[in-house]
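Below: the structure, in structure tokens.
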Amino acid sequence: MDYATFYRRSIDDREAFWAEQARLIDWERPWDQVCDNSNPPFTRWFVGGRTNLCHNAVDRHLAARAQQNALIFVSTETGTERIYSYAELHREVQTMAATLQSLGVKQGDRVLLYLPMIPEAAFAMLACTRIGALHSVVFGGFASVSLASRIDDAEPTVIVSADAGSRGGKVVPYKPLLDEAIRLAEHKPAKVLMIDRGLSPFERVAGRDEAYADWRERHRQAQVPCAWVDATHPSYTLYTSGTTGKPKGVQRDTGGYAVALASSMKHIFLGNPGETYFSTSDIGWVVGHSYIIYGPLIAGMATIMYEGLPIRPDAAIWWSLVEKYKVTSMFSAPTAVRVLKKQDPAALKKHDLSSLRALFLAGEPLDEPTAQWIAESLGKPIIDNYWQTETGWPILTICNGIEPAPSKFGSPGKAVYGYDVQLVDESTGQELTGANQKGVVVIKGPLPPGCMQTVWRDDARFVKTYWSSIPGQQVYSTFDWGIRDEDGYFFILGRTDDVINVAGHRLGTREIEESISSHPAVAEVAVVGVADQLKGQVAMAFAVLKDPSVAATPEAALKLEGAIMKLVDEQLGAVARPARVRFVGVLPKTRSGKLLRRAIQAVCEQRDPGDLTTIEDPTALQQIKDLVQG
Ligand code: ATP
Ligand code: MG
């Protein structure tokens, strides 16, 4: 079918369209109403229907593929490789579910998971949805204070955790951080279920901490049926990455989410039952929820769960897995590709990648040099896709599963079916319908299935944050800038708070970053707007060099700075030229690899950088501080 028709139907004939998609999953009871939007912006999908996420991800496949691979766990940290068939996964999930029930977890309760990338994390997520409990996965890298605030928000009955994670061969103990977090939190979980990997000895709190190894023995043969829940029953809560401020607790439903994932696996991610999917994300992020665990399993695929770095033991590790497990679809982030780009390109040529159909990338802007490099190195289609924790699945991409279409460098693609994506003028709220007009990317309600239901326990914040920022219109704001070309391809220009105003000219930081990163010496760059008495704001650039030695002396650095400024002058005009281009060893990013521009900006303006709970490497900000103040 041609994509334009498919898309139009999803908007103009919404109910019939989604009723069709809903047949991709199993229902215990069909819905009475496909879409209830009588109380916008709170949309309810498949009202009256009953289903279960875990059933659709696991049990449903037992008849046809019990002995096929379901979960392939690979840890280059501990040197472990373990494969679970669908039957084995079913067994493990039931054992975990019985354990959670023994510890008092009931339908509607929250279970907080503070875990590294281990199979038990998948078992626990699936066990929760199996019994109708909500999981709240907190990324394993967070420290006590961030964890404590999430414990207080979720108020979990049980926390599932482990002794330690491992990163780059270094053991990272989790238990002391968890104990401290529980001490700090007002809400105290009744039980902590500990998975002991034998990596780091820990103290047990009597009466509270339970050993999963013991419970696993006890419930080795437990039968725990899936609890059929309303389609609108929340399946989980998850925080946004915290790039722009305090993270928001996203609440997801069950039926709409299962349908959206099943549909996207087929139409976007080109996944077929029996094939292998490899997403390099972490279960702590939305990509991990949708496309390590639920999406591939709902599609009846094997999914690879990888604990480790992309470059250890060497830069070929991911590609060796593609070859070994005949990965057909792979999903990663531009930040990971940039890491690989700094390595020996021969690593990408060492393995047979013939099984791979495409590499999907999301999470941040995919700059053209990076896209070009990976496309050429792999010789495979690179499919950029743009979405948010809030939406749960792509908003913009190329739906090659419906109708193959070319990608355009720098563009994630067209509006995905179900999403009525528009561009609006930020100050007037007027829709911009012409080609190449720059506006805020918004979605006209109702949001399609799979998107957030509300902010966890804070309906008012949901309305205020997402649906009230555009004057005169109740539309969902993504808080990203974009343009759409004459062919309907969108280009994301950056976040609405990443625009700088130099002497009355509004410039997207992304445009300046693209220009700077086209300089051959530059590996990565962040541009922020900094308050300036004369011009209102000026652009400041912080760049990481491919080879830092080229700017080792102050003279060499100045010379390179001049050359980069000249390049920006030529490409964008003098108005976009940064006031300074400084060189740093590493840029401050969230743990999911997103640039923390707001923190850089705050440091440049000598302000408090605010909530830094999601920062990957705090020394990165210190480097900038030293430069700015030095
Ligand atoms: P917070 O909302 O807490 O500030 P966050 O927005 O970084 O954090 P996520 O939901 O993980 O949290 O990220 C979504 C954002 O990431 C998008 O709004 C967009 O700015 C950016 N993004 C994601 N994918 C792409 C892409 N393919 N191209 C450009 N930008 C992208
Ligand atoms: Mg966001």
Side-chain angles (χ1 to χ4, degrees), residues 139 238-244 250 257 260-261 263-265 267-271 277-296 303-304 306 310 318 327 329-340 356-368 370-371 373-375 378 380-401 407-419 421 441 443 448 450-452 478-482 489-495 510 589-595 614:
F139 176 62
L238 177 68
Y239 288 91
T240 61
S241 305
T243 310
T244 53
V250 166
Y257 186 51
L261 292 184
S263 174
S264 66
M265 286 306 296
H267 298 121
I268 298 173
F269 295 106
L270 315 175
Y277 198 88
F278 179 19
S279 166
T280 69
S281 183
D282 188 284
I283 48 147
W285 311 122
V286 70
V287 178
H289 282 60
S290 293
Y291 298 112
I292 294 177
I293 307 295
Y294 292 113
T303 184
I304 296 181
Y306 176 76
W318 283 357
V327 172
S329 294
M330 184 163 167
F331 192 145
S332 193
T335 186
V337 175
R338 281 184 215 111
V339 168
L340 293 174
L356 193 66
R357 292 197 185 102
L359 172 66
F360 298 88
L361 296 174
E364 27 156 1
L366 176 62
D367 57 284
E368 200 166 325
T370 302
W373 178 82
I374 189 71
L378 285 180
K380 300 284 178 181
I382 305 300
I383 315 291
D384 189 0
N385 56 114
Y386 160 87
W387 46 297
Q388 307 181 306
T389 309
E390 291 88 342
T391 65
W393 65 293
I395 303 168
L396 303 173
T397 192
I398 303 288
C399 297
N400 282 305
S407 293
K408 293 191 186 187
F409 276 121
S411 164
K414 301 182 182 186
V416 169
Y417 58 89
Y419 290 95
V421 185
V441 180
I443 304 164
C451 294
M452 75 189 293
T478 62
F479 299 99
D480 289 310
W481 291 107
Y489 285 69
F490 284 80
F491 293 78
I492 298 296
L493 304 176
R495 303 186 183 240
R510 164 125 195 244
K589 290 186 179 176
T590 65
R591 287 173 181 271
S592 49
K594 294 156 185 284
L595 266 179
T614 57

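Among all heavy-atom pairs drawn from D480 and R495, the shortest one is OD1-CG, 3.4 Å. When all heavy atoms of T478 and V441 are compared, the pair lying nearest together is OG1-O, 2.6 Å. Residues T389 and Y239 share a closest heavy-atom pair of CG2-O, 3.8 Å. For D384 against T397, the heavy-atom pair with the smallest separation is O-OG1, 2.9 Å. Between Y417 and S264, the shortest heavy-atom contact is OH-N, 3.7 Å. Considering all non-hydrogen atoms of both residues, S329 and L270 come closest at OG-O, 3.8 Å.
Here N385 contributes atom CG and L396 contributes atom CG; the two are 9.5 Å apart, rounded to the nearest 0.5 Å. If you take CD1 on I304 and CZ on F278, they are separated by 5.5 Å, rounding to the nearest 0.5 Å. Here OG1 of T391 is found 4.0 Å from OH of Y419. Values are rounded to the nearest 0.5 Å. Residue T370 holds its OG1 atom at 11.0 Å from CD1 of I382, rounded to the nearest 0.5 Å.
By the ring-ring contact (aromatic ring centres under 6.0 Å, His included) test, Y386 is found to be paired with no residue, residues two or more places apart in sequence or in another chain being considered. For S332, the side-chain hydrogen bond (donor to acceptor under 3.5 Å, both in side chains) partners at least two apart in sequence or on another chain are T280. Remark: K589 pairs with E524 by the salt bridge (charged side-chain N to carboxylate O under 4.0 Å, His left out) rule, at least two apart or across chains. Residues passing the ring-ring contact (aromatic ring centres under 6.0 Å, His included) test with Y257 are Y236, sequence neighbours excluded. With sequence neighbours excluded, the residues that form a ring-ring contact (aromatic ring centres under 6.0 Å, His included) with F139 are F142, W285. Listed by chain and residue number, R338 satisfy the salt bridge (charged side-chain N to carboxylate O under 4.0 Å, His left out) test with E364 (two or more places apart in sequence, or in another chain).
In summary, of the residues considered (W318, F269, F360), a side-chain contact (heavy atoms from CB on, under 4.5 Å) with M330 occurs for W318 alone.
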Audit row: L366, F409, side chain to side chain contact (heavy atoms under 4.5 Å, CB included) steps and yes/no:
CA-CA 8 Å; L366 176 62; F409 276 121; over 6 Å; no
I395 vs F490, test: side chain to side chain contact (heavy atoms under 4.5 Å, CB included). Steps then yes/no.
CA-CA 11 Å; I395 303 168; F490 284 80; over 6 Å; no
Could you walk me through whether V250 and T240 pass the side chain to side chain contact (heavy atoms under 4.5 Å, CB included) check?
CA-CA 7 Å; V250 166; T240 61; 4.0 Å; yes
Go through the steps to decide whether Y277 and M265 satisfy the test side chain to side chain contact (heavy atoms under 4.5 Å, CB included), and finish with yes or no.
CA-CA 10 Å; Y277 198 88; M265 286 306 296; 3.7 Å; yes
Given side chain to side chain donor-acceptor pair (under 3.5 Å), test T590 with S592 step by step and report yes or no.
CA-CA 5 Å; T590 65; S592 49; 3.0 Å; yes
